[in-house]
Protein chains: 2
Amino acid sequence: MLKAKPHESKAGRFVPPPKLPPPTPVVDLSDAEMRLAQDLLFFAYRDFTNVADKVLEELDLGRAHHRALHFIGRNPGITVSGLLAILRITKQSLARVLNALVDQGFVSQAPGFEDRRLRLLTLTDKGQALEQRLFDAQCTKIAQAYRESGPQAVQGFRNVMRAMMDKGARAYMDGTGSAEDA
Amino acid sequence: MLKAKPHESKAGRFVPPPKLPPPTPVVDLSDAEMRLAQDLLFFAYRDFTNVADKVLEELDLGRAHHRALHFIGRNPGITVSGLLAILRITKQSLARVLNALVDQGFVSQAPGFEDRRLRLLTLTDKGQALEQRLFDAQCTKIAQAYRESGPQAVQGFRNVMRAMMDKGARAYMDGTGSAEDA
DNA sequence: CGTTTTAAGTCAATATTGCTGACCTATTTC
DNA sequence: GAAATAGGTCAGCAATATTGACTTAAAACG
């Protein structure tokens, strides 16, 4: 459908332009489902991350900082390598956000006990407070979505999302604690 | 950037192990669900977009180009303003990708019939072919995830994802769903 | 012991994708 | 004719990602 005209209020007539091709073809039901899924993932992810972004904006932090905070909070004592394996970004990309978080007192680093090359990452109290605040914002969103959809839908959502993840991510979710591979 | 311990090197080999705080606290069941949802959204979205990114890389296009192709394909004759309203980016950000797509013959522009200020956007044959190729890649992923999860889970997934979207996105979905556009 | 590997930090350069603000043109509407 | 609208463009900036090369410290190996 052409929703390209948000306000043709006065004139009000919609004249279709000459010879538009049909929308991307939907050959069968499963094809329609796929198209739907694309839209769902785009909009839902955007609007989900949006609520945290608003909080981050006040503090001049970005989404990358949030991700680091989240995974450090969930895995206290994680190493830089471990975090890299989860996030799958380069060391340099992580260093930028990590240094900012350490400088601003959100994250602290401690050398490993047995292996002193390691830098064990933890959230400071300040970091935990911020992470909690970001979590609360997204929590509201998730809770509302879950309430709207019902518990059965939630289980389905979880199954599909998990099935969309690759092997390494599933292994991490299974609590092996290691994001073994890419 | 070791600022945790300025001069520890001679303090001895047996540094007390850093006291690790507990993971971000999970106070009740729904809290655990929320934490899970955060992880699910991050990993699933990343791995879903990944399959298209691999195709785009060959052509030196980015995710932003894919999004434009997708929504133009789904809404032939959409205006620049309409596309901006869906993507919620600035005119300048869109112009960059749109000009690239037009220059490379993936998208064509035609002046509106009724209102000649409008530029109605459509995919060329070449653009449709590319969009189809990107769709196929993500299709494989979705189909596999849906197969793994079962039809009931799929319905739940859809409900939750939709509930996560804000009002504007839901309105778009309602006007563009597979029910209407063919 | 010395060599090699590993964990991490760093520097320089580049690309993508978003942003703001300011302006300009063509066209429609009042 | 003036104002509003659709669109385009320029210049600059910011966040996040990339690659490649290099350094340091500590562990592992032989």
Side-chain angles (χ1 to χ4, degrees), chain A residues 4-13 15 17 42 46 49-50 52-53 56-57 59-68 77-85 87-103 107 109-121 182, chain B residues 1-5 7-10 13 15 46 49-50 52-54 56-57 59-68 77-85 87-103 107 109-121:
Chain A
K5 0 183 293 329
H7 83 26
E8 70 297 348
S9 42
K10 306 304 161 35
R13 306 174 310 278
V15 180
F42 171 67
R46 181 193 64 181
T49 52
N50 231 4
D53 289 344
L56 292 161
E57 204 173 347
L59 300 165
D60 272 299
L61 296 174
R63 203 174 289 178
H65 301 91
H66 185 193
R67 287 195 286 263
I78 193 175
T79 62
V80 172
S81 296
L83 203 45
L84 287 175
L87 297 172
R88 291 191 210 162
I89 57 177
T90 57
K91 196 169 41 163
Q92 294 76 4
S93 294
L94 179 57
R96 206 184 312 109
V97 293
L98 208 46
N99 287 336
L101 291 173
V102 170
D103 287 350
V107 168
Q109 296 172 312
F113 175 56
E114 310 139 44
D115 186 338
R116 299 208 316 266
R117 289 174 304 183
L118 305 181
R119 296 297 131 84
L120 306 182
L121 304 170
Chain B
M1 193 151 271
L2 227 188
K3 37 205 49 153
K5 35 167 231 42
H7 42 41
E8 174 270 333
S9 46
K10 69 171 315 155
R13 316 185 58 74
V15 185
R46 181 193 64 181
T49 51
N50 232 1
D53 289 344
K54 282 175 190 163
L56 292 161
E57 205 173 347
L59 301 165
D60 273 299
L61 297 174
R63 204 174 289 177
H65 300 91
H66 185 192
R67 286 197 284 264
I78 193 174
T79 62
V80 172
S81 296
L83 202 45
L84 287 175
L87 297 172
R88 294 193 203 159
I89 57 177
T90 56
K91 195 169 43 162
Q92 294 77 2
S93 295
L94 179 58
R96 209 184 301 113
V97 294
L98 207 47
N99 286 336
L101 291 172
V102 170
D103 287 350
V107 169
Q109 297 172 311
F113 173 64
E114 174 202 13
D115 183 340
R116 294 200 330 259
R117 290 174 303 182
L118 306 181
R119 295 298 131 82
L120 307 181
L121 304 169

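Order of the sequence lines sets the chain letters (A, B, ...), proteins ahead of strands, with each chain counted from 1.
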Across all chains, not counting sequence neighbours, the side-chain hydrogen bond (donor to acceptor under 3.5 Å, both in side chains) partners of A:Arg117 are A:Asp115

For the pair made of CG in A:Leu118 and P in C:dT5, what is the distance, rounded to whole Å?
19 Å

Pick base, sugar-phosphate or nothing for B:Gln109, based on heavy-atom distances below 4.0 Å to the nucleic acid.
sugar-phosphate

Using atom CG of B:Asp53 as one end and atom P of D:dT18 as the other, report the distance to the nearest whole Å.
11 Å

Send over the distance from A:Phe113 CZ to D:dA27 C1', rounded to a whole Å.
15 Å

If you compare every side-chain N and O of B:His65 against the phosphate oxygens of C:dT17 (OP1, OP2), does one of them come in below 4.0 Å?
yes

Contact class for A:Glu114 vs. all strands (heavy atom < 4.0 Å): base, sugar-phosphate, or nothing?
sugar-phosphate

How long is the gap from NE2 on B:His65 to CG on B:Asp60, to the nearest 0.5 Å?
9.5 Å

In terms of heavy-atom contacts, B:Gly62 and B:Leu56 come closest through O-CD1, 3.5 Å

Where the side chain of A:Asn99 is concerned, which of C:dT28, C:dT10, D:dG7 is the nearest nucleotide?
C:dT10

Spacing between A:His66 atom NE2 and D:dT16 atom C1', to the nearest angstrom
16 Å

Nearest whole angstrom, please: distance from the C1' of C:dG9 to the CG of A:Asp103.
13 Å

B:Arg116 vs C:dT29: side-chain N/O to OP1/OP2 distance below 4.0 Å:
no

Can you check whether any acceptor in the base of C:dT6 is under 3.5 Å from a donor in the side chain of A:Arg117, or vice versa?
yes

If every non-hydrogen atom of A:Arg67 is compared with every non-hydrogen atom of A:Leu87, which pair is closest and at what distance?
CB-CD2, 4.0 Å

Rounded to the nearest Å, what distance is computed from the CG atom of residue B:Leu87 to the P atom of nucleotide C:dC19?
10 Å

For residues B:Val97 and B:Ala64, report the shortest heavy-atom separation together with the two atoms involved.
CG1-CB, 3.6 Å

Test side chain to side chain contact (heavy atoms under 4.5 Å, CB included) applied to A:Leu120 and A:Val80, A:Thr79, A:Ile78, the passing residue:
A:Thr79

Give the rounded distance in Å between these two atoms: CZ of B:Arg63 and C1' of D:dT18.
14 Å

Kindly compute the distance separating CG (A:Asp53) from CG (A:Leu61), expressed to the nearest 0.5 Å.
11.0 Å

Nearest-Å distance, CD (B:Glu57) to P (C:dA15)?
14 Å

Close approaches to DNA chain D from residues 89-98 of chain B, in residue order (heavy atom, under 4.0 Å)
B:Lys91, B:Gln92

Has A:Arg67 got a side-chain N or O lying under 4.0 Å from the OP1 or OP2 atom of D:dA17?
yes

